[in-house]
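Not measured: the values here are computed from a predicted model. Atom set for the values below is all heavy atoms of this structure, side chains included, hydrogens, waters and symmetry mates excluded.
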Amino acid sequence: MLDLVIRGGRVVTPSGVGNWDLGVQGERIAALGAPGTLEAGRVIDATGKVVVPGGIDPHTHLAHPIMSHPDEPGMTLGPEEDTRGMLFGGTTTHIDFAFVRPGGDIRSAIEQRSARWKGSAYTDYSFHVVLAGALELKVFEAIPEAIQAGFTSFKVFTTNILPPHPKRSGNRIDFGRIQHAMERIAPAGGIMTVHGEDEDIVQFNYEKHRAEGRMDGANLHLVHNKLSEQLAFRRTTALARHTGCAIYFVHTSAREGVEAVAEARGHGLPIYAETLHHYTCFTADDYRSPRGFCYHTYPSLKYPEDQAALWDGLLNDAVSTTATDEYPTTLALKLRGKTIEDVTGGNLGAEARMGIVYTEGVVKRKMSLERFVQVTSSNAAKILGLYPRKGALAPGSDADVVLIDPSINRKLVKDDFHVSDYSPWEGWDVRGWPVTTVLRGKVIVDNGRLSGDTRDGQLIPRKIDGAVLRRPAC
Ligand SMILES: [Zn+2]
């Protein structure tokens, strides 16, 4: 007899959508059967529910220094706080970052973050390795070893994001080092993850806005502008073509970014784009609303034409994943800055991501359930090396399962959220919301009750299928 059966739901599997029983044994999915054919010690009635793989948030910054006010630095909330919200919202795995800065090395950066997360996360997790600043060349020699150890993705910033400040270490790495890293990542089976903005354009725009006295944070989209994304995506893609390395562009925000990725994919290059559900739902006009900076993360919110391009990419091909750039803080901290130089970046959205993409994609824009699963779970799993252990409702995969109730039709309120003292999504109308979450076979959230704890999350080693690295595979 099985341990758990999720009975009678509309199940989204890699081979199609159907009404099946989903059987779980231990931590894995054991079987899919016709309704009523599987028996177990525990049965969850999923009649009327949509059953999908646990969400994967491929981009979070938990327990991360906040340096927008360098004289009063802060920290984002840690995994013990943010991942609780993830579970309520149907996300069962997240990928955070291990920063390597000059003087540091890859192995210790991974060890430090792993130690911080161990016993502190409700969800499963892994880390991208960030290569930041003028790293010594010997640092790069450890790239193949990190990939072998299951850390398959590396992250670079092509901009420092903010103007230089003596108390703030820059994130940018030069293009010579990006090439150097790509030459080591590609043959070892890894992928390069890129925050793509053009440093010259961004820093010049800061200088120009300062000179003109236009420091209001509502101008962020004029500093972190569309041209900057276009130049950085295309320059980095040229390096990828030269080195044979695959790229995952994080938080694509502009039509120009989507077009650059679509064109590269049209040439058969293994280039992938992520966007944020915030970018698909808000525009730069929203900066002027009372809590407008709640919706900001770098690069910036853009224009309706950019939203349209992001949705087109999500619905069709050019945008493969949705993430949050999760950066959880209190409301006071999020709204502390007011100028283009000190607005707090990052989002608080991991808890809402699955429900918002369901409402805005499936319900409002006729996204298929298969595509919904791709952009919330399976594509991130494939591109970053968690598939098929994660991202699939199939025998042998981890039993990370989410039940979405499509009959829920209401306005979100503060009490729907479990992380901070606010959510940017308060007041948003949703149709459909996650109600039950299963993590590796354990029913961890059921109808508003959490039965897991911070010892449930595990570090998951990753390995990317070669097909993903050779051509656009998803
Ligand atoms: Zn980020």
_Residues, nucleotides or ligands: over 12 heavy atoms within 6.0 Å of Arg455 CZ_ = no
_salt bridge (charged side-chain N to carboxylate O under 4.0 Å, His left out) against Asp174, all qualifying residues, sequence neighbours excluded_ = Arg177
*State plainly whether the residues Glu256 and Lys226 are in salt-bridge range, i.e. N to O under 4.0 Å.*
yes
*Between Arg353 and Thr91, does any side-chain donor sit less than 3.5 Å from a side-chain acceptor?*
yes
*Backbone N or O of Gln307 within a donor-acceptor pair of the Thr280 side chain at under 3.5 Å?*
no
*Heavy-atom closest contact (Tyr303 atom, Leu222 atom, distance)*: OH-CD2, 3.7 Å
*Arg184 side chain to Pro144 main-chain N or O, any donor-acceptor pair under 3.5 Å?*
no
*Side-chain (Ser397) to main-chain (Pro388) donor-acceptor, under 3.5 angstrom*: yes
*If every non-hydrogen atom of His59 is compared with every non-hydrogen atom of Ala323, which pair is closest and at what distance?*
CB-CB, 3.7 Å
*asked:* Determine whether a donor-acceptor pair (N or O, by modelled atom type, separation under 3.5 Å) exists between the side chain of Thr297 and the backbone of Gly346.
replied: yes
*asked:* So, using side chain to side chain contact (heavy atoms under 4.5 Å, CB included) as the criterion, who are the partners of Ala350 when residues are at least two apart?
replied: Asp57, Asp82, Met86, Thr324, Glu326
*Without hydrogens or angle criteria, can the side chains of Arg172 and Thr159 be said to hold a donor-acceptor pair below 3.5 Å?*
no
*Going from CH2 on Trp425 to CG on Asn347, what distance comes out if it is rounded to the nearest 0.5 angstrom?*
8.0 Å
*Flag the pair Asp342 and Arg336 as a salt bridge only when some basic side-chain nitrogen lies within less than 4.0 angstrom of an acidic carboxylate oxygen.*
no
*Listed by chain and number, what are the salt bridge (charged side-chain N to carboxylate O under 4.0 Å, His left out) partners of Glu145, not counting sequence neighbours?*
Arg107
*Flag the pair Val258 / Leu310 as yes when at least one side-chain heavy-atom distance between them is below 4.5 Å, and no otherwise.*
yes
*Just checking, is any N or O donor in the side chain of Arg168 or Asn160 under 3.5 Å from an acceptor N or O on the other one?*
no
_Where at least one partner belongs to residues 367-386, residue pairs that pass ring-ring contact (aromatic ring centres under 6.0 Å, His included), sequence neighbours excluded_ = Tyr358-Phe372
_Tell me if the centroids of the rings in Phe154 and His128 come within less than 6.0 Å of each other._
no
*Heavy-atom neighbours of Lys442 NZ exceed 12 at 6.0 Å*: yes
*What do you reckon, is NZ of Lys414 surrounded by more than 12 foreign heavy atoms closer than 6.0 Å?*
no
_Residue pair Asp465, Lys382: steps toward the salt bridge (charged side-chain N to carboxylate O under 4.0 Å, His left out) verdict_ = CA-CA 7 Å; Asp465 189 293; Lys382 287 177 181 170; over 6 Å; no
*Are Trp428 and His277 close enough that their ring centres sit under 6.0 Å apart?*
no
*Check whether any side-chain N or O of Asn316 sits under 3.5 Å from a backbone N or O of Gly313 as a donor-acceptor pair, and report yes or no.*
no
_side chain to side chain contact (heavy atoms under 4.5 Å, CB included) for Val12 and Val51? Distances and angles first, verdict last._
CA-CA 6 Å; Val12 187; Val51 182; over 6 Å; no
*Looking at residues at least two apart in the chain, or sitting in another chain, which of them share a side chain to side chain contact (heavy atoms under 4.5 Å, CB included) with Val24?*
Leu4, Leu22, Ala399
*Could you tell me whether the side chain of His69 and the main chain of Asp71 form a donor-acceptor pair under 3.5 Å?*
no
*Does one side chain, of Ser253 or Glu229, offer a donor that lies under 3.5 Å from an acceptor on the other?*
yes
*For the residue pair Pro424 and His278, establish whether any side-chain heavy-atom pair is separated by less than 4.5 Å.*
yes
*What's the shortest heavy-atom distance between Leu239 and Gln179, and which atoms?*
CD2-CB, 3.8 Å
*Look at the rings of Phe417 and Trp433 and say which category their plane angle falls in: under 30° parallel, 30 to 60° tilted, over 60° perpendicular.*
perpendicular
*How long is the span from the NZ atom in Lys49 to the CD1 atom in Ile408, to the nearest 0.5 Å?*
8.0 Å
*Please walk me through it: do Val52 and Leu369 pass side chain to side chain contact (heavy atoms under 4.5 Å, CB included)?*
CA-CA 9 Å; Val52 297; Leu369 288 173; 5.6 Å; no
*Report yes if the distance between the aromatic ring centroids of Phe99 and His64 is under 6.0 Å, otherwise no.*
yes
_Could you report the tightest heavy-atom contact between Ile56 and Ser377, atom names first, then the distance?_
CD1-O, 3.5 Å
*asked:* Could you go through Asp306 and Arg255, starting from their C-alpha distance and side-chain angles, then the distance that decides it, and tell me whether this counts as salt bridge (charged side-chain N to carboxylate O under 4.0 Å, His left out)?
replied: CA-CA 5 Å; Asp306 302 292; Arg255 176 172 59 85; 5.2 Å; no
*Could you tell me whether the side chain of Arg431 and the main chain of Thr359 form a donor-acceptor pair under 3.5 Å?*
no
*His251-Tyr298 aromatic ring centre distance below 6.0 Å*: no
*May I have the step-by-step check of side chain to side chain contact (heavy atoms under 4.5 Å, CB included) for Leu62 and Trp117, ending in yes or no?*
CA-CA 10 Å; Leu62 313 181; Trp117 256 247; 3.8 Å; yes
*Would Asp446 and Thr436 count as having a side-chain donor-acceptor pair, cut-off 3.5 Å?*
yes
*OG/Ser108 to CD/Gln112 distance, rounded to the nearest 0.5 angstrom?*
6.0 Å
*Determine the minimum heavy-atom distance between Ile356 and Cys281, stating which atoms define it.*
CG2-SG, 4.0 Å
_Pair Lys302-Ser300, side-chain donor/acceptor within less than 3.5 Å_ = yes
*Does the Thr76 side chain pair with the main chain of His61, one donor and one acceptor, at a distance under 3.5 Å?*
yes
_I'd like to know if the side chain of Tyr272 and the backbone of Ala473 have a donor-acceptor N/O pair within less than 3.5 Å._
yes
*Indicate the atoms forming the closest heavy-atom contact of Leu384 with Pro58, along with that distance.*
CD1-CB, 3.6 Å
_Please tell me whether Thr321 and Tyr248 have a donor and an acceptor in their side chains that are separated by less than 3.5 angstrom._
yes
*What about Phe127 and Phe97, are their ring centers closer than 6.0 Å?*
no
*Starting from the C-alpha separation in whole Å, work towards a yes-or-no answer on salt bridge (charged side-chain N to carboxylate O under 4.0 Å, His left out) for Arg116 and Glu80.*
CA-CA 10 Å; Arg116 174 66 182 82; Glu80 52 282 314; 2.9 Å; yes
_Asp124: salt bridge (charged side-chain N to carboxylate O under 4.0 Å, His left out) partners, not counting sequence neighbours_ = Lys390, Arg440
*Is Ser228 reaching over with its side chain to a backbone N or O of His224, donor-acceptor style, under 3.5 angstrom?*
no
*Report the C-alpha separation of Trp311 and Val319 in whole Å, then their side-chain angles, then the decisive distance to 0.1 Å, and conclude whether the side chain to side chain contact (heavy atoms under 4.5 Å, CB included) test is met.*
CA-CA 8 Å; Trp311 274 116; Val319 180; over 6 Å; no
*Give, for atom CD1 of Ile143 and atom CD1 of Ile147, the distance between the pair rounded to the nearest 0.5 Å.*
7.0 Å
